[in-house]
Amino acid sequence: MLKIKKLTVHYGPLPALKEVSLDIDQGEIIALIGPNRAGKTTLLLTLSGILETTEGRIYFEEEDITNLNPHHIVSKGLIHVPQGRHIFPTLSVLDNLLMGAYTKRKEKQAIERGIEDVYQLFPKLSERKNQRAGTLSGGEQQMLAIGRSLMAKPELLMLDEPSLGLAPRFVEEIFTTLKKMNQNGLTLFIVEQEIHLTLSISHRGYVLRNGRIIKEGPPSLLLDSQEIKDLLFA
Ligand SMILES: Nc1ncnc2c1ncn2[C@@H]1O[C@H](COP(=O)(O)OP(=O)(O)O)[C@@H](O)[C@H]1O
Ligand SMILES: [Mg+2]
C-alpha cells in the first residue's frame with residue numbers, strides 16, 4: 001500500500017533521514033520506533049508532502065506521490081495525525097470533527113455518518129460534542145485528533161506519538177481503539193517512543209535511529225533485539 005524507497009531528507013545542509021526504505025501492506029499495523037530526534041516526525045511530514053525529499057521515492061497504492069502537495073495527498077486517503085494533536089481549542093468538539101471533513105464538504109450524508117462512526121468509537125466525544133475542545137483532557141484531545149482524521153476517510157492513517165503526554169489509562173484506551181480501527185479494516189502507521197504497547201498491537205515494526213532504519217521485523221524479534229534494548233536503557 002505504501003512503499004518508501006531510499007528516502008533522504010535534509011533540513012538545510014543537515015540530513016534528517018538517510019536512505020529510509022519501508023513497506024506497509026493493506027490491513028497492517030506498522031510501528032516505527034525511535035528515540036527523540038531520530039527523524040520520526042520528519043518522515044511523517046515528508047509522507048504528507050509538507051517537507052520535500054532530497055532523494056528517494058514514495059509510492060502510495062502503486063502511484064508515485066513523491067513531493068505531491070499536501071492537499072493532493074490527503075485526497076488520496078493518506079492522512080496524518082500530527083504530534084501534539086493540533087486541535088482547534090476554541091471550537092466545539094463537533095466543529096473540530098467537521099473541520100476534518102473539509103475535503104468532503106459537499107457530501108452531507110457521508111459527513112453525518114462519519115460523525116456517528118466517530119462517536120461510536122469514542123463515546124466520550126459524543127457526550128462532549130458541544131464543549132470547547134480546549135477544555136478536554138489530554139486523552140480526550142488525542143481521541144478528538146484521531147476522530148477528526150477519520151472524517152477525512154483515510155485508507156492509511158499515520159499517527160505521530162499518540163501516547164505523548166497522556167496518563168497511562170488513556171494510552172491503553174487509545175491503543176485498544178487503534179486496534180479496533182485496524183480490525184474494522186484501516187491500515188495504520190504508528191510512530192512511537194512507547195515501545196511495548198505499540199509493538200503489542202503491531203504486525204511488524206521498524207527501528208529508526210539518527211535518520212536510519214537500523215532494524216526491522218516482527219514484534220517478537222524486535223523486542224529481543226539489542227537495538228531495542230539499547231533504546232530501553234538509553
Ligand atoms: N524545522 C527543523 N529545522 C531544522 N532541523 C530540524 C527541524 N525539525 C527537526 N529537525 C532536526 O531533525 C532531526 C529529526 O527530528 P524529528 O523528525 O523531529 O525527530 P523525532 O520526531 O524522531 O523526535 C533532529 O535532529 C532535529 O533537531
Ligand atoms: Mg517527533
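Start at 1 and go down the list; that is how both ligands and their atoms are numbered.
- Taking every heavy atom of Pro35 and a limit of under 4.0 angstrom, the matching atoms of ligand 1 come to 22 (O).
- Here Thr42 does not reach the Mg ion (ligand 2): none of its N/O/S atoms is less than 2.8 Å from the metal.
- The nearest N, O or S atom of Thr41 is closer to the Mg ion (ligand 2) than 2.8 Å.
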**Report entry** Evaluation steps, salt bridge (charged side-chain N to carboxylate O under 4.0 Å, His left out), between Glu161 and Lys40
**Finding:** CA-CA 9 Å; Glu161 300 208 39; Lys40 304 181 302 297; 3.7 Å; yes

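- The residue from Asp230, Leu32, Ile213, Leu222 that alone fulfils the side chain to side chain contact (heavy atoms under 4.5 Å, CB included) condition with Val207 is Leu222.
- Side chains of Thr177 and Met181 form a contact here, defined as non-hydrogen atoms less than 4.5 Å apart.
- With ligand atoms numbered from 1 in the order given, ligand 1 contributes 23 (O) to contacts under 4.0 Å with heavy atoms of Asn36.
- Applying the side chain to side chain contact (heavy atoms under 4.5 Å, CB included) test between Ile190 and each of Asp160, Leu159, Val81, Leu197 identifies Leu159 as the sole match.
- Within the 4.5 Å cutoff, the side chain of Val191 has no heavy atoms near those of the Thr41 side chain.
- Among protein heavy atoms, the minimum distance from atom 19 (O) of ligand 1 is reached at Gly39 N, 3.1 Å.
- Leu144 places none of its side-chain heavy atoms less than 4.5 Å from the side chain of Arg128.
- For atom 27 (O) of ligand 1, the closest non-hydrogen atom on the protein side is Arg37 NH2, 3.4 Å.
- Residue Ala38 places at least one N or O, backbone or side chain, under 3.5 Å from an N or O of ligand 1.
- Summary of contacts: the protein heavy atom closest to atom 18 (O) of ligand 1 is Thr41 CB, 3.8 Å.
- Looking from atom 1 (N) of ligand 1 to the surrounding protein, the closest heavy atom is Tyr11 CE2, 3.7 Å.
- The shortest side-chain heavy-atom distance between Glu140 and Phe122 does not fall under the 4.5 Å cut-off.
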Report task. Apply salt bridge (charged side-chain N to carboxylate O under 4.0 Å, His left out) to Lys153 and Glu107, showing your working. Result -> CA-CA 12 Å; Lys153 296 289 166 216; Glu107 304 162 34; over 6 Å; no

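- Of the candidates Thr42, Leu208, Leu44, it is Thr42 that places a heavy atom closest to atom 17 (O) of ligand 1.
- Using 4.0 Å as the threshold, Gly211 has no heavy atom nearer than that to any atom of ligand 1.
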